[in-house]
Amino acid sequence: MADVFSDSVFQPPAARSGPGAGAWGRRAWLAAVAAVLWTGCGAQDIERTYGKRRGAEGEASVNGTAVLARMFELAGHEVRTRSYLSPRADEFDVIVWFPEDFQPPGEEPQEFLEEWLYRGQGKTLIYVGRDYDAASDYWERVLPGAPPEQSVEVLRRLAQARAEHARARAATSESKECRWFQIRRDRPTRDGGRRQEVPAALQGPWADDAAVRSAKLAGGGDASLEPLDDPVHDDSGECLNVETWLSVGSVPLVWRIASPSWNEGQIVVVHNGSFLLNLPLVEHGHRRLAGKLIDACGAASKKVMFLESGAPGVTVFEEEPGTRYPTGFEAFTVWPLNAILLHFVVLGLMILACRWTVFGRPRDLPRPPVSDFGRHIDALGELLARTQDHAYAESRLTEYRRQTATDRPLSESPRAERPPASGAE
């Protein structure tokens, strides 16, 4: 596959034909990068969030990965972003990992990613070391063109950026290693992690390009990320083969790790992001290097995951997050809460058995007679009692007696005494 940012393949498929197609691609690229990175020149503050692709932080940050992700998309790949590793990683063909951590990856993500390579076919993991900060390069570029009244402020921002990066890098004071590389802290300080004003002599297969040889790349400062001295074997017992693609002097910058058990898969380790982050990709030589890295992933139409992780390391899930919803039964797996809950469950079952269990053969209870006038009186009494008004209840009863007294039949009314018959003695 040709270089990603050559005039013939930079633009999207719909624009790759016709007169002026190459010029359109170059103008679109420069306009996009300029809009992202060079708005706010001078002594204005800049976004320096590391390793993010999405949102304002990733697109506008000098340490972001939005430009590299766009390069993958223009090369015909489908790009997604994740902040964790899970079984759905098997759906991706390429993983690009920019950890915001000066420590090497832990044992768990190393095993997960090697298993990911073992289960797939021709997959690629790109690991980019953290030992670079584009903010220092930004202020170095702004300084020559800054107005005199802002030069002091730009120098202050430059010193602050270098100090913050050195402070974060000093957290890893010991030499450490993992299965893919080692971090050496016993190297003498060379250039403080800054890009070299005079490009050093690049070596390796990638250095044959004239545009690449003129690129200014950052060295490793007082820390050097480099291949292991002794060969390492994978879980299948196969030896991991290391091939250096680009180096400067005795410092490897890009190297490939492969194993026969990975089914043509590979791990590409990049010393740092000095030619892959948003700001460095403004330079043509850095874009050529990034294009070679994209070409190393294989043909187009691959699914690419940009993996973002912080200082504690990337989280590895055995199951996909969100597929198991809480039901409340998880409490029965926590000691001593499970023992307490079991006692309450048994007690509740005993109460239910004693109060609502039907003993004997079930039968229908006889219904109360509807002709019982006494039930009407009881119901009326309960209604009057609910009013909590004694005078009202008395008035109702008095009215009831008055009405019933006038409605009595004549046979039950008191008889008037008859006057005695005339002539009676």
Side-chain angles (χ1 to χ4, degrees), residues 1 3-4 51 53 65 68-69 71-72 75 77 79 85 89 92-99 101 104-105 109-110 112-118 120-132 177-183 202-209 212 215 217-218 220 224-228 231-232 234 238-248 251-277 280-281 286-300 302-309 314:
M1 185 173 64
D3 180 70
V4 174
R53 165 182 171 252
T65 60
L68 180 62
M71 291 180 65
F72 271 97
H77 303 293
V79 180
L85 293 173
F92 295 90
D93 305 302
V94 180
I95 295 180
V96 183
W97 189 7
F98 280 82
D101 190 1
Q110 290 181 65
F112 180 93
L113 292 171
E114 289 189 15
E115 285 292 329
W116 172 75
L117 293 170
Y118 175 80
Q121 176 67 37
K123 297 193 173 185
T124 301
L125 167 65
I126 300 175
Y127 182 94
V128 183
R130 174 63 181 91
D131 197 18
Y132 174 76
E177 65 180 35
C178 63
R179 295 172 55 86
W180 309 331
F181 57 84
Q182 59 183 342
I183 299 178
L202 298 177
Q203 303 172 358
W206 285 11
D208 296 337
D209 193 333
V212 171
L217 302 179
S224 177
L225 189 148
E226 56 190 39
L228 296 172
V232 180
D234 59 12
E238 300 287 348
C239 182
L240 300 183
N241 301 318
V242 179
E243 177 187 0
T244 302
W245 285 349
L246 184 67
S247 63
V248 51
V251 180
L253 298 181
V254 183
W255 64 92
R256 175 180 182 267
I257 304 174
S259 172
S261 61
W262 290 351
N263 303 317
E264 300 182 0
Q266 60 184 351
I267 299 176
V268 180
V269 181
V270 183
H271 189 278
N272 55 41
S274 58
F275 64 90
L276 296 177
L277 297 176
L281 285 174
H286 293 168
R287 296 198 301 273
R288 299 283 293 186
L289 283 174
K292 291 180 178 295
L293 183 63
I294 296 174
D295 292 344
C297 298
K302 291 183 178 294
K303 297 188 67 174
V304 181
M305 176 205 296
F306 269 66
L307 181 60
E308 301 174 355
S309 62
V314 65

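Values reported hereafter were calculated over all heavy atoms of this structure, with side chains retained and with hydrogens, waters and symmetry mates removed.
His77 places a side-chain N or O within donor-acceptor distance of the main-chain N or O of Lys302, the cut-off being under 3.5 Å. With hydrogens and angles ignored, the 3.5 Å screen pairs a side-chain donor or acceptor of Glu308 with a backbone N or O of Arg53. Side chain of Asn263 to main chain of Tyr118: a donor-acceptor pair is present (N/O by atom type, distance under 3.5 Å, no hydrogens or angles).
With sequence neighbours excluded, no residue forms a ring pair (Phe, Tyr, Trp, His ring centres under 6.0 Å) with Phe98. Here Tyr127 pairs with Trp97, Phe181 under the ring pair (Phe, Tyr, Trp, His ring centres under 6.0 Å) rule; sequence neighbours left out.
Taken to the nearest 0.5 Å, the CG atom of Leu253 stands 7.5 Å off from the CG atom of Asn272. Atom-to-atom distance recorded for Leu113:CG and Ile267:CD1 is 7.0 Å, nearest 0.5 angstrom. Put simply, CE on Met71 and CG on Leu293 are 9.0 Å apart, with the number rounded to the nearest 0.5 Å. Note that CG of Leu85 is 6.0 Å distant from CD1 of Ile95, once rounded to the nearest 0.5 Å. Atom OG of Ser274 is separated from atom NE2 of His286 by 6.0 Å, given to the nearest 0.5 angstrom. From Leu225, atom CG reaches atom CZ of Arg130 across 13.0 Å, with rounding to the nearest 0.5 Å.
A salt bridge between Glu264 and Lys123 is absent, with no side-chain N of the basic residue lying under 4.0 Å from a carboxylate O of the acidic one.
Ile183 approaches Pro104 most closely through the heavy-atom pair CD1-CD, 3.8 Å. Contact record, Ala69 with Val79: O-CG2, 3.7 Å, taken as the closest heavy-atom pair. Of all heavy-atom pairs spanning Ala89 and Trp116, the tightest one is O-NE1, 2.9 Å. Considering all non-hydrogen atoms of both residues, Leu281 and Ala290 come closest at CD2-CB, 3.8 Å. Annotation for Ala296 and Thr124: closest pair O-OG1, 4.3 Å, computed over non-hydrogen atoms.
When side chains are defined from C-beta on, Gln266 does not count as touching Ile257, because their heavy atoms never get closer than 4.5 Å. In this structure the side chain of Ser247 never reaches within 4.5 angstrom of the side chain of Trp255, judged on heavy atoms. Between Val314 and Pro99, every side-chain heavy-atom pair lies at or beyond the 4.5 Å cut-off. At a threshold of 4.5 Å between non-hydrogen side-chain atoms, the residues Val269 and Val254 do not count as touching. The closest side-chain heavy-atom distance from Leu246 to Leu202 is below 4.5 Å. Put simply, the side chain of Val96 does not reach to within 4.5 Å of the side chain of Leu307, judged on heavy atoms.
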**Message:** Would Leu228 and Cys178 count as a side chain to side chain contact (heavy atoms under 4.5 Å, CB included) here? Give the steps.
**Reply:** CA-CA 8 Å; Leu228 296 172; Cys178 63; over 6 Å; no
**Test side chain to side chain contact (heavy atoms under 4.5 Å, CB included) applied to Val94 and Lys303, step by step** = CA-CA 6 Å; Val94 180; Lys303 297 188 67 174; over 6 Å; no
**Request:** Check step by step if side chain to side chain donor-acceptor pair (under 3.5 Å) holds for Glu114 and Trp180.
**Result:** CA-CA 10 Å; Glu114 289 189 15; Trp180 309 331; 3.1 Å; yes
**Asked** Stepwise, does the side chain to side chain contact (heavy atoms under 4.5 Å, CB included) test hold for Val304 with Phe92?
**Response** CA-CA 6 Å; Val304 181; Phe92 295 90; 5.8 Å; no
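Checking Gln110 against Arg179 by side-chain atom types alone, no donor-acceptor pair falls below 3.5 Å. Residues Trp262 and Gln121 have side chains that never bring a donor and an acceptor to within less than 3.5 angstrom of each other.
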